[in-house]
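Written below as structure tokens is the structure these notes are about.
Below, all heavy atoms of this structure are taken into account, side chains as well, without hydrogens, waters or symmetry copies. Keep in mind that what you see is a predicted model, and the values were worked out from it rather than measured.
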Amino acid sequence: MSSDLQSVHTDAAPAAVGPYSQAMRAGSMLFCSGQVPLDPQTGKLVEGGIEAQTRQVFANLSAVLEAGGCSFSDVAAAQVFVTDLGDFAAVNTIYAEFFGEHRPARATVEVSALPVGASVEISCTAIVAES
């Protein structure tokens, strides 16, 4: 691995379900892998529908961002994947709760399936504040 790249890991988010890092820091950029609604303590998909799944995704993403020295206010771009665009309004409402007035660039895409049977997955890119 290049010395300019640093893998980011936290036990407060689920372990990667494949051969990838929870996030990679490259200089002042933090690239967060997609988070699905797995409970980091049990490793199981959370129950409760799209709202519960979306909240868990944001909790996981928050933990990864924090481990990388960032927060939602540092996110420059987000990618949202849902298995049903009919869930867009519910996901969007929760998305707005977590980002507040901050409005990163975003793409939302309906996909046929997501890992572990999830209904939503979100990845993002953040700018790490100068220390």
Where do [X] and [Y] come nearest, in terms of heavy atoms and distance?
X	Y	answer
Ala52	Glu47	CB-O, 3.3 Å
Gly68	Arg25	O-NH1, 4.4 Å
Ile50	Ala90	CG2-CB, 3.9 Å

query: Where do Asp11 and His9 land on the side-chain contact (heavy atoms from CB on, under 4.5 Å) test, with the steps shown first?
result: CA-CA 7 Å; Asp11 291 334; His9 174 78; 3.0 Å; yes
Hydrophobic cluster membership, with links at side-chain heavy-atom distances under 4.5 Å among I/L/V/M/F/W/Y: are [X] and [Y] in one?
X	Y	value
Phe72	Val91	yes
Val8	Val128	yes
Val17	Val36	yes
Tyr95	Val120	yes

message: Quiz question: by atom type and distance under 3.5 Å, do the side chains of Asn92 and Arg106 form a donor-acceptor pair?
response: yes
Please answer whether the main-chain N or O of [Y] pairs with a side-chain N or O of [X] as donor and acceptor at a distance below 3.5 Å.
X	Y	answer
Arg55	Val57	no
Gln22	Pro14	yes
His102	Val75	yes

query: What pairs with Ser21 under side-chain contact (heavy atoms from CB on, under 4.5 Å), at least two apart in sequence or on another chain?
result: Ser7, Met24
message: Walk me through whether Asn60 and Ile122 qualify under side-chain contact (heavy atoms from CB on, under 4.5 Å).
response: CA-CA 10 Å; Asn60 295 344; Ile122 301 174; over 6 Å; no
- request: Look at atom CD of Gln79 and say whether more than 12 heavy atoms of other residues, nucleotides or ligands are closer to it than 6.0 Å.
  value: yes
Straight-line distance of Asp4 CG to Met29 CE, nearest 0.5 Å: 13.5 Å
- request: Report the C-alpha separation of Leu65 and Ser71 in whole Å, then their side-chain angles, then the decisive distance to 0.1 Å, and conclude whether the side-chain contact (heavy atoms from CB on, under 4.5 Å) test is met.
  value: CA-CA 5 Å; Leu65 285 165; Ser71 70; 5.7 Å; no
task: Flag the pair Gln53 / Val46 as yes when at least one side-chain heavy-atom distance between them is below 4.5 Å, and no otherwise.
output: yes
task: Fit a plane to each ring of Phe98 and Phe58, take the angle between them on a 0 to 90° scale, and name the class: parallel (under 30°), tilted (30 to 60°) or perpendicular (over 60°).
output: parallel
query: Considering residues at least two apart in sequence or located in another chain, which fulfil the ring pair (Phe, Tyr, Trp, His ring centres under 6.0 Å) criterion with Phe81?
result: none
- request: Show your working on side-chain contact (heavy atoms from CB on, under 4.5 Å) between Val109 and Val111 and close with a plain yes or no.
  value: CA-CA 6 Å; Val109 179; Val111 296; 4.2 Å; yes
